[in-house]
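Taking it in order: structure first as C-alpha cells, then the write-up.
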Amino acid sequence: MAEKLLIPLYDNDVAPRFDLATEVCIVNIVRRPDGTSRADEKVVVLPEASADELCQLIIADGMDAVICSAIEEEYHQYLTWKKVAVFDNVLGPVDKVLQRFLEGDLESGSILFPNSND
Amino acid sequence: MESLGTITGLTLEQLNLAPFLDEVPVGLAVLDGNGRVLLVNRAYKTLVGFGTEDVRGLPCLHALRCRFCLQGCRVLKGIREFEPVTRETDIINIDRQRIPIRLTVAPIHDAEGNPSGYLETVQDMRQITELSSQASRAYSLGGLVGNSPEMEKIFQMLPGIARTDSSVLITGETGTGKDVLAEVIHQNSDRANGPFVKVNCGALPETLLESELFGHTKGAFTGAVEDKPGRFRMAHGGTLFLTEIGDLPIPLQVKLLSFLDDKVIYPLGSTSGFHADVRVICATHRNLREMVKEKRFREDLLFRLNVVRFHLPPLRERGEDIGLLVNHFLSTFNERFHKDIKGFSDRAKRRLALYRFPGNVRELRNIIEYAVNFCREHEIRLSHLPEYLADVEAETAIASPAEAEREASGLPAGDTPSTWEGLEKRMIMDALFRAGGRKGRAAEILGWGRSTLWRKMKTHGLSE
C-alpha cells in the first residue's frame, strides 16, 4: 500500500511553523505485505512561506498525512476535513520522526529531539 | 540541572530560581549559550503550552515557535553579544492558537561579565491588539458579532458581568461561540493581564484529566517524573475555562465543587493545598438540568456554576445576524487571502438563506472560507459553495410535501424545536404518525434500522 506524506522542513528538523516553512520533504511510502516498508524522499523548495499555498499543495498532490510542529487550528481543521491525517506538535529531526511514523509509533505531541523525554 | 535553579546572595537564604520566576506574570525563558532552553516560568508554559520537561534542552525556536525566530533572531545566528532586541511578533501555541506577542531577547552574563546565555521575555499582546482593532468594528465585542436582540442583550450584560469574579456558565449549541464569549469575558475583566487557560473536559480520560486539572507531585503515580502544576495553578491570577463541562466525570465534579467552595486545590499525591486565585468559566452544549435529572451531573455543582448564565442562541434564530456575519467573514477572508470579492450571486444568497446551519457560526465561517478560497471572480456563485449545500434545496423541496401531508393528517405542527434532541424527537413522532404507529415502517421513513429507532425512542421516552 502506498502512502504520501509531507513534512515541512527547517534544516534537518521538522519546521517549527507550518505557515513559515519554505522547504518541505515529500515522502512516498510503500508498505510491503511482509511488514517492511520503503520510503522515497524528495525535498521541494517553495517559492514563499504560506500556509494556504502549502494546504493547496497537500490537497493537489493527494497527501495522506502531514507531520508538522505548530499549525493554526483553521489549517488543521481544513486538512482534517479534507481527510489528511495531521500529526502536529511533533518536534525533532526528520529522520527520527519518519522512522517513528514508519513504525506506526508517531503521535501528535511527540518530542524526539535528543535530551527530550519522549 | 536542579542546581541551575538557585539564586544566592539576594536574600540571607538561598532562593530557588524556578518558583521565583513563576511569580513573574510575563513569560520568561533562560537559554544557554547555544540557544537551548534551560528553564521556563509558569507564564511561559501557560502561553506556549509545553511543560518544563518538554522544552528543557530544546533549541529555543522549536520551543517558542515564534515568527521572529525564523526571521533574523541573533541567538540562532550564534551572536553572543548584542543589545537587547524587542520585536512585536507572534507564536502558535500547542492549542493551535496564533498569539501576538512582544518578544525581548537579551544576552546574560556571568559574574565576570562573560556572555553565558540569553533571557527571553514573552508578553501576551492579545488584549492590546484586541483593543486597538475593537474601535473599527461595529456590532461586535471581542470576536462576537451580532445585531439581533439576543446578542444585544449579551453585549449589554457582558461588561458588567466580566468585571465581577462570579463563575459563569455559557450554554449553546456547538459552534455558537461559547469559547469566544469566554475569552471576551476574560479580556474584559480585571484579570485580563493574567492567564486564560482552557481545558476541554471531554477530550481526556478521567485519570489524565484529574492530573491535567489539579496537577500532581513527583512520584504520585508511575510516570510522574516531575511536579506538574495543573491547569488550575497555571490559571492563577487569571481565568480557567472549562469547556464541555457536561463531560466532566462525577468524581472530578466533586473536586471542582470543593475548589469552588474554598479556592484551594490539592494536586495528586500532595497533602498540602495551593490557594488558587482563579475565576472559573464553564461551557457546555448539553442540557445540564436534564443531566441532573439523570444523575449524570451534580445538582449542587450546577447551582454553584449557574451564578451567571449566558445562553448563545443558535444561528438560525439570530435573523439578520446571518447577513452581518456573512459580510464580516467575507471581509475577514478577503483580507487574509488577498482577494477582492464583492459579494454573492442571488442563487448563492438564496442557498445560504435556505440552509439551517446545524454547525452554527463555525459552520457559516467555514462555508465562507471555503467559498473565498475557491472563488477566482469578484462574486461568489453557487459553484463556489461547498457541495453539501446542494442538498439544501432538494431537502426543502422534499420537506414541503411532508409538511402538506402532516397538515392534511391533522398532526399539529407546533413550534420548531430549538435543540437537536427536540428536533429528533419531533422527527420520530412524525414518522410514527405517518407510519400509523408501525415501527418498522417509521424506521424506513427515517432511513434508520429498527434497533436505532428503538434506541432513540427509548432515549426520548417514547418507547411506551
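In what follows, chains carry the letters A, B, and so on, assigned in the order in which the sequence lines appear, proteins first and then strands, with residues in each chain numbered from 1.
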Which atoms of [X] come close to chain A, meaning under 4.5 Å heavy atom to heavy atom: side chain ones, backbone ones, both, or neither?
X	result
Asn366(B)	side chain
Leu70(B)	side chain
Cys66(B)	backbone

Does a donor on one side chain and an acceptor on the other come within less than 3.5 Å for [X] and [Y]?
X	Y	value
Arg365(B)	Asn360(B)	no
Tyr78(A)	Asn373(B)	no
Thr52(B)	Arg56(B)	no
Ser211(B)	His216(B)	yes
Arg17(A)	Ser69(A)	no

| query | For Asn89(A), is it the side chain, the backbone, both or neither that has a heavy atom under 4.5 Å from a heavy atom of chain B? | reply |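 Both backbone and side chain.
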| request: Select one option (side chain, backbone, both, neither) describing which atoms of Phe18(A) are under 4.5 Å from chain B's heavy atoms. | output: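 Nothing of Phe18(A), per the 4.5 Å heavy-atom cut-off to chain B.
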| said: Heavy-atom pairs under 4.5 Å with chain B: which of Gly92(A), Ala15(A), Ala70(A) has the most? | reply: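 The answer is Ala70(A).
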